[in-house]
Protein chains: 2
Amino acid sequence: MNTREGVPLIDRISKKERHQLLLKIIGQNPFVTDRELTRELKVSIQTIRLDRMELGIPELRERMKQMAEHSYDQVRSLSLDEVVGEIVDLQLDKSGISIFEIREEHVFTRNSIARGHYVFAQANSLAVAVINDEIALTASADIRFLRQVHLNEKCIAKAYVRSMAGQKGKAKVEVFTYVGDEMVFQGNFVIYRSTLEDNSEGGVQDADRH
Amino acid sequence: MNTREGVPLIDRISKKERHQLLLKIIGQNPFVTDRELTRELKVSIQTIRLDRMELGIPELRERMKQMAEHSYDQVRSLSLDEVVGEIVDLQLDKSGISIFEIREEHVFTRNSIARGHYVFAQANSLAVAVINDEIALTASADIRFLRQVHLNEKCIAKAYVRSMAGQKGKAKVEVFTYVGDEMVFQGNFVIYRSTLEDNSEGGVQDADRH
DNA sequence: TACTACCTTAGTACCAGGTTCTAAGAGAAA
DNA sequence: TTTCTCTTAGAACCTGGTACTAAGGTAGTA
């Protein structure tokens, strides 16, 4: 044990401890190089590399690549997220259907139950989308969460336009969300609509909606 | 101009065109190497590198690093996002305040008005957070969007626990959201709570909540 | 026609941050 | 003493570049 004179075990830590420390350091800062790690852990660069191998930690560049790819995927899926849920059927001013699968990022980590606002967001997005109007905004809503929705469940929301209130600027939309044939959510939305209200801005109500 | 025999200007494009193409290709796939680009653009690797220099496009590794750093920041801010909005005051089972700033990603691109479900999400998160319970889930809600919220506006949500319904498993929470001193949203939430319901699982109601 | 400017290509040296492999020493256990 | 694990060292090699020098083609112009 460290045959030197008075110095007994100064900062000599076990392999296991070093591995824990290594995981922690890389966890906190994934952009650290092996050379920087030698300074923090006081071992040679070869040891660092053996450690990474044992722990299955890829090299810095690979770590960055994975993060970059991950973020690229995320950005792409977020930009698709104009609407929460995928609209699979849409009859403007009549009805619409959207599908939304509950993933990790939508649930409480404690119990894997979906956060209410994601279920709401799907219904809200669909209620807005189904209104054939340039500007459609939620005015109010009356909602019920009928049963908990869990990780990996697929929510199918169906929206029906119930009343156009004589073009008076508001539409009522009813949304039912199902998992399988169980209803998990029900909401009555009142949606503001812009067109044909007071000033007819002419011809925009057929603008491209997808 | 291409002194060879019959072949006139076959896929000989101008520098400008090549630059446009280069930008497009890297835009579509930031993970492309210079070597791969030589195959797509039919020029030498030196030309590719001169082009990148002129256009100020960094090398592959630098591009990946930037994306990774960007996503790292995002992930960190997202993981704070257990709750939509930042909770600045919390008196469990009594009241809470959260702040949420409307950014680009929260608005309709057309008119920069916040999507309703973000405003709802802030209120819903706060309503759930204010309940001092292991498991708290939204059962139903009655909400009003009182005025549109625009890009860069700061929403301040205040939640008040109105009734504990005699520990019967439900709590009523009222949430008011303001921009400045204007009320923009109001919601009445009914929140399921787990503890002290039918089976007393003992001592968990003081579990760490932050 | 020659001169000049620009574009393109080739090649070399060098770099960071590694992998892979061989080898050897130190300390502890059998 | 031998054996084993842990640690360190060093060399060869890899990818995806940068930085720099040099040379050839092409085009326009005097």
Side-chain angles (χ1 to χ4, degrees), chain A residues 1-23 25-69 71-72, chain B residues 1-23 25-69 71-72:
Chain A
M1 45 181 77
N2 221 333
T3 48
R4 308 284 176 74
E5 59 274 26
V7 198
L9 298 168
I10 277 206
D11 52 46
R12 199 78 189 159
I13 60 172
S14 77
K15 195 176 166 180
K16 229 173 200 168
E17 290 174 297
R18 199 180 55 235
H19 280 191
Q20 289 311 307
L21 208 54
L22 188 66
L23 284 166
I25 294 171
I26 294 186
Q28 281 174 355
N29 174 22
F31 299 95
V32 68
T33 63
D34 287 358
R35 193 160 305 279
E36 288 164 349
L37 287 166
T38 63
R39 288 195 278 274
E40 290 207 60
L41 297 179
K42 316 266 188 218
V43 288
S44 73
I45 203 160
Q46 281 78 3
T47 303
I48 299 287
R49 286 168 179 170
L50 284 170
D51 285 354
R52 270 201 299 103
M53 257 198 209
E54 282 186 66
L55 294 169
I57 301 173
E59 61 163 302
L60 168 62
R61 284 161 173 170
E62 189 53 37
R63 295 197 299 269
M64 292 199 304
K65 189 181 173 192
Q66 285 175 10
M67 293 179 71
E69 279 170 342
S71 87
Y72 193 57
Chain B
M1 44 184 77
N2 221 333
T3 47
R4 307 285 177 73
E5 58 274 28
V7 198
L9 297 168
I10 276 206
D11 52 45
R12 198 79 189 158
I13 60 173
S14 76
K15 195 175 166 181
K16 229 173 200 170
E17 288 174 297
R18 200 181 54 235
H19 280 191
Q20 290 310 307
L21 208 54
L22 188 67
L23 284 166
I25 293 170
I26 294 187
Q28 282 174 355
N29 174 21
F31 299 94
V32 68
T33 64
D34 287 357
R35 193 160 304 281
E36 287 164 350
L37 287 166
T38 64
R39 289 195 278 275
E40 291 206 61
L41 296 180
K42 316 268 187 216
V43 288
S44 72
I45 203 160
Q46 281 77 4
T47 303
I48 298 288
R49 287 168 179 171
L50 285 170
D51 285 354
R52 270 201 300 104
M53 256 198 212
E54 281 187 67
L55 294 170
I57 301 172
E59 60 164 303
L60 169 61
R61 284 162 174 168
E62 190 53 37
R63 296 197 299 270
M64 292 199 302
K65 190 182 173 192
Q66 286 174 11
M67 293 179 71
E69 280 170 343
S71 88
Y72 191 57

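In what follows, chains carry the letters A, B, and so on, assigned in the order in which the sequence lines appear, proteins first and then strands, with residues in each chain numbered from 1.
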**Student:** Taking only nitrogen or oxygen atoms into account, show me every contact under 3.5 Å that the protein makes with nucleotides 11-13 of chain C, one pair per line with its distance.
**Tutor:**
residue	atom	partner	partner atom	Å
C:dG11	N7	B:Gln46	NE2	3.1

**Student:** Whole angstroms only, please: what is the CD-P distance between A:Glu36 and C:dG17?
**Tutor:**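 Rounded to whole Å, this separation is 8 Å.
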**Student:** Show your working on side-chain contact (heavy atoms from CB on, under 4.5 Å) between B:Thr38 and B:Val43 and close with a plain yes or no.
**Tutor:** CA-CA 5 Å; B:Thr38 64; B:Val43 288; 5.8 Å; no
**Student:** Looking at the side chain of A:Glu59, which of D:dG16, D:dT18, C:dG18 is the nearest nucleotide?
**Tutor:**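 Of all the options, the side chain of A:Glu59 is nearest to C:dG18.
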**Student:** With respect to the side chain of A:Ser44, which nucleotide from D:dG17, D:dA9, C:dT20 is positioned closest?
**Tutor:**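 Comparing D:dG17, D:dA9, C:dT20 against the side chain of A:Ser44, the answer is D:dA9.
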**Student:** Treating A:Glu40 as the side-chain partner and A:Leu37 as the backbone partner, does any N or O pair qualify as donor plus acceptor under 3.5 Å?
**Tutor:**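 Such a contact is absent between A:Glu40 side chain and A:Leu37 backbone.
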**Student:** Have a look at A:Arg18 and say if it touches a base, only the backbone sugar-phosphate, or nothing, with a 4.0 Å heavy-atom cut-off.
**Tutor:**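 The answer is sugar-phosphate, as A:Arg18 gets under 4.0 Å only of primed atoms, P, OP1 or OP2.
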**Student:** Where the side chain of B:Val43 is concerned, which of D:dT18, C:dG17, C:dT9 is the nearest nucleotide?
**Tutor:**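 So the nucleotide nearest the side chain must be C:dT9.
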**Student:** Looking only at atom types and distance, does a side-chain atom of B:Glu17 sit under 3.5 Å from a main-chain N or O of B:Ser14, one as donor and one as acceptor?
**Tutor:**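 Such a contact is found between B:Glu17 side chain and B:Ser14 backbone.
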**Student:** Atom CG of A:Asp51 and atom P of C:dG18: how far apart are they, to the nearest Å?
**Tutor:**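 Whole-Å distance recorded here is 14 Å.
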**Student:** After noting the C-alpha distance and the side-chain angles of B:Leu41 and B:Ile25, does the key distance pass the side-chain contact (heavy atoms from CB on, under 4.5 Å) rule?
**Tutor:** CA-CA 10 Å; B:Leu41 296 180; B:Ile25 293 170; 3.9 Å; yes
**Student:** As a test of reading the structure: which of C:dT19, D:dT7, D:dG17 is closest to the side chain of A:Lys15, going by heavy atoms?
**Tutor:**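 Looking only at heavy atoms from C-beta outward on A:Lys15, the closest nucleotide is D:dT7.
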**Student:** Find which nucleotide of DNA chain C each of A:Ile57 and B:Ser14 is nearest to by heavy atoms, and output the residue with the more 5' nucleotide.
**Tutor:**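 Result of the comparison: B:Ser14.
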**Student:** Write down the distance between CG (A:Leu37) and P (C:dG18), rounded to a whole number of angstrom.
**Tutor:**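 Distance, rounded to whole Å: 9 Å.
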**Student:** Need one value for B:Leu50: base, sugar-phosphate or nothing, where a base atom within 4.0 Å counts as base even if backbone is also close, heavy atoms only.
**Tutor:**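 Here B:Leu50 touches the bases of the nucleic acid.
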**Student:** So, for B:Val32 and B:Leu60, which heavy atoms are closest and what is the spacing to 0.1 Å?
**Tutor:**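 Answer, listing the atom of B:Val32 first, then B:Leu60: O-CD1, 4.1 Å.
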**Student:** Specify the closest pair of heavy atoms between A:Pro58 and A:Gln66, including all atoms of both residues, with the distance to one decimal.
**Tutor:**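 Closest approach of A:Pro58 to A:Gln66: CG-NE2, 4.3 Å.
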**Student:** Are OP1 or OP2 of C:dT9 and a side-chain N or O of B:Thr47 less than 4.0 angstrom apart?
**Tutor:**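 Answer yes for this pair, as a side-chain N or O of B:Thr47 is under 4.0 Å from OP1 or OP2.
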**Student:** CD1 of A:Ile48 versus P of C:dG17: gap in Å, rounded?
**Tutor:**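 Going from CD1 in A:Ile48 over to P in C:dG17 covers 15 Å.
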**Student:** Would you mind reading off the distance between A:Leu41 atom CG and D:dT7 atom P, rounded to a whole angstrom?
**Tutor:**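 After rounding, the gap between these two atoms is 11 Å.
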**Student:** Could you check which of C:dG18, D:dG16, C:dT20 has an atom nearest any side-chain atom of A:Asp34?
**Tutor:**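 For A:Asp34, the side-chain atoms sit closest to C:dG18.
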**Student:** Would you kindly give the CG-to-C1' distance between B:Leu55 and C:dC7, to the nearest whole Å?
**Tutor:**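 Going from B:Leu55 (CG) to C:dC7 (C1'), I get 15 Å.
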**Student:** Applying a 4.0 Å non-hydrogen cut-off, can you work out what B:Arg35 is touching in the nucleic acid: base, sugar-phosphate, or nothing?
**Tutor:**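 If one applies the 4.0 Å heavy-atom cut-off, B:Arg35 turns out to touch nothing in the nucleic acid.
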**Student:** Rounded to the Å, how far apart are B:Met64 CE and D:dT15 P?
**Tutor:**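 It is 14 Å, rounded to the nearest whole Å.
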**Student:** Is B:Arg63 touching bases, backbone alone, or none of the nucleic acid, heavy atoms closer than 4.0 Å?
**Tutor:**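 Nothing, no heavy atom under 4.0 Å.
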**Student:** May I have all residue pairs that pass salt bridge (Lys or Arg N to Asp or Glu O under 4.0 Å) and include part of residues 54-67 of chain A, sequence neighbours excluded?
**Tutor:**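 Passing the test, one end in residues 54-67 of chain A: A:Lys15-A:Glu54.
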**Student:** Which heavy atom in A:Met67 sits nearest to a heavy atom in B:Ala68, and how many Å separate them?
**Tutor:**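 Scanning both residues, the minimum pair turns out to be CE-O, 3.5 Å.
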**Student:** Examine the base of C:dG18 for any acceptor or donor lying under 3.5 Å from a partner atom in the side chain of A:Arg61, and report the outcome as yes or no.
**Tutor:**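 Per atom types, no contact qualifies.
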**Student:** Round to the nearest Å and state the distance from A:Lys42 atom NZ to D:dT7 atom P.
**Tutor:**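 That distance rounds to 16 Å.
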